[in-house]
Amino acid sequence: MNLKVLFHINEARRWQMVFTNITNFINDVGPGNAAIEVVANGEAVTIFADNSDHGLLLEEMQKLAKRGVEFMVCRNALRSQAIDEGNLPSFIKVVPAGITEIARKQVEGYAYIKP
Amino acid sequence: MNLKVLFHINEARRWQMVFTNITNFINDVGPGNAAIEVVANGEAVTIFADNSDHGLLLEEMQKLAKRGVEFMVCRNALRSQAIDEGNLPSFIKVVPAGITEIARKQVEGYAYIKP
Amino acid sequence: MNLKVLFHINEARRWQMVFTNITNFINDVGPGNAAIEVVANGEAVTIFADNSDHGLLLEEMQKLAKRGVEFMVCRNALRSQAIDEGNLPSFIKVVPAGITEIARKQVEGYAYIKP
């Protein structure tokens, strides 16, 4: 089994749930047995704002990135929230439009999950 | 690329997010390069109630309909909210059950997105 | 037509919506014409807590189970909420990780719906 899963998040309050879901998923299928991508758009990107009080969440995000989870952020959402791309952690990738990324990944066989 | 995307909305407060998502998506892939459908069920259909204060949202919906976005509304939800189908904007299509429409579109290769 | 649909629920307040969606769906396609599975994780599993005041919802769930709807509950979520598996209704199946179940079902051709 090599599952491919895309997690969609558009609300900042759901980041912890996303991380818990991913951690449980990796523990269940085993490291390296799944391709996991997170696409963040809408208000979820405020976790990257300068005045964000989400240091612990960003640490958890980084740990998952080191385990191979890919984190994609919507450029439209960043602009809408006035967040400078230069301030993003280095493991974050910016995509022009989050919706396009979500649609393309489903075409590539990724399962869609909205925690 | 000719992406097919279905947006599912069941909460009225999320209409603006749906419209923003769709607009960003069309701007990204280019007009005519994607098939886009919105299925509304549950409380989301209250946007069509007589006493709804959602005129600006309905204008935005109509603009997207003119750009080719299809809007489908669940008949069960309309009945549950006591909304007369005759009052719906002419570009809206009513389906017997929103869930059936969502399932069928995924079978047809539409990506599912829940803003 | 033999549609396969997976409903994902992770918030207890959405159980009624899930049941309504499923009932409308069965009424639309006809009994026996769809495979329906519900996967519950996160806070949604509190419906099974001892002190839960959700007797009517559990009755509705049982009625749907008798009509062939499968209900799967995430073990991680049960542990997180300190809910004893022995207290679950007999028609409930426990899976090691809800996310894995959701991903696998989509690979099997199930449409994903998040009410």
Side-chain angles (χ1 to χ4, degrees), chain A residues 1-42 44 57 60-61 63-64 67-71 98-99 101-115, chain C residues 3-15 17-18 21-22 35-48 70-83 85 92-115:
Chain A
M1 177 191 61
N2 204 330
L3 290 170
K4 296 181 281 187
V5 180
L6 180 143
F7 292 87
H8 177 204
I9 177 169
N10 61 1
E11 296 173 298
R13 69 185 174 89
R14 293 184 189 265
W15 277 109
Q16 185 58 64
M17 185 158 28
V18 169
F19 298 150
T20 302
N21 283 178
I22 292 174
T23 302
N24 287 338
F25 178 50
I26 294 175
N27 289 342
D28 185 41
V29 299
N33 286 326
I36 304 171
E37 179 169 313
V38 178
V39 177
N41 70 347
L57 286 174
E60 198 163 354
M61 193 186 294
K63 282 179 190 168
L64 289 171
R67 298 182 75 180
V69 178
E70 294 208 80
F71 289 90
I99 298 298
E101 177 69 12
I102 295 171
R104 280 185 179 145
K105 285 294 167 186
Q106 289 188 61
V107 170
E108 293 174 18
Y110 276 68
Y112 173 91
I113 296 181
K114 180 85 186 299
Chain C
L3 290 169
K4 296 180 280 187
V5 180
L6 180 143
F7 292 87
H8 177 204
I9 176 168
N10 61 2
E11 296 172 296
R13 68 185 175 88
R14 294 183 188 266
W15 277 109
M17 186 159 26
V18 168
N21 283 179
I22 293 174
I36 303 171
E37 179 169 314
V38 178
V39 177
N41 70 348
E43 179 262 352
V45 306
T46 56
I47 194 177
F48 302 114
E70 294 207 80
F71 288 90
M72 321 295 271
V73 172
C74 174
R75 178 165 290 138
N76 293 301
L78 291 172
R79 287 179 180 163
S80 174
Q81 301 286 347
I83 295 171
E85 291 185 25
I92 299 285
K93 291 176 191 163
V94 178
V95 292
I99 298 298
T100 312
E101 178 68 14
I102 294 171
R104 279 185 179 144
K105 285 294 167 185
Q106 289 188 61
V107 170
E108 293 174 18
Y110 276 67
Y112 174 91
I113 296 181
K114 181 85 187 298

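Atom OG1 of C:T100 is separated from atom CG of A:N27 by 10.0 Å, given to the nearest 0.5 angstrom.
Most heavy-atom pairs under 4.5 Å with chain A: of the set C:N41, C:N10, C:I102, this distinction falls to C:N10.
When heavy atoms are compared at a cutoff of 4.5 Å, C:E43 does not approach chain A at all.
Contact annotation for residues 107-115 of chain C against chain A (heavy-atom separation below 4.5 Å, listed by residue number): C:V107, C:Y112, C:K114. Listed by sequence position, A:R14, A:M17, A:N21 are the residues of residues 14-21 of chain A in contact with chain C, using a 4.5 angstrom heavy-atom cutoff.
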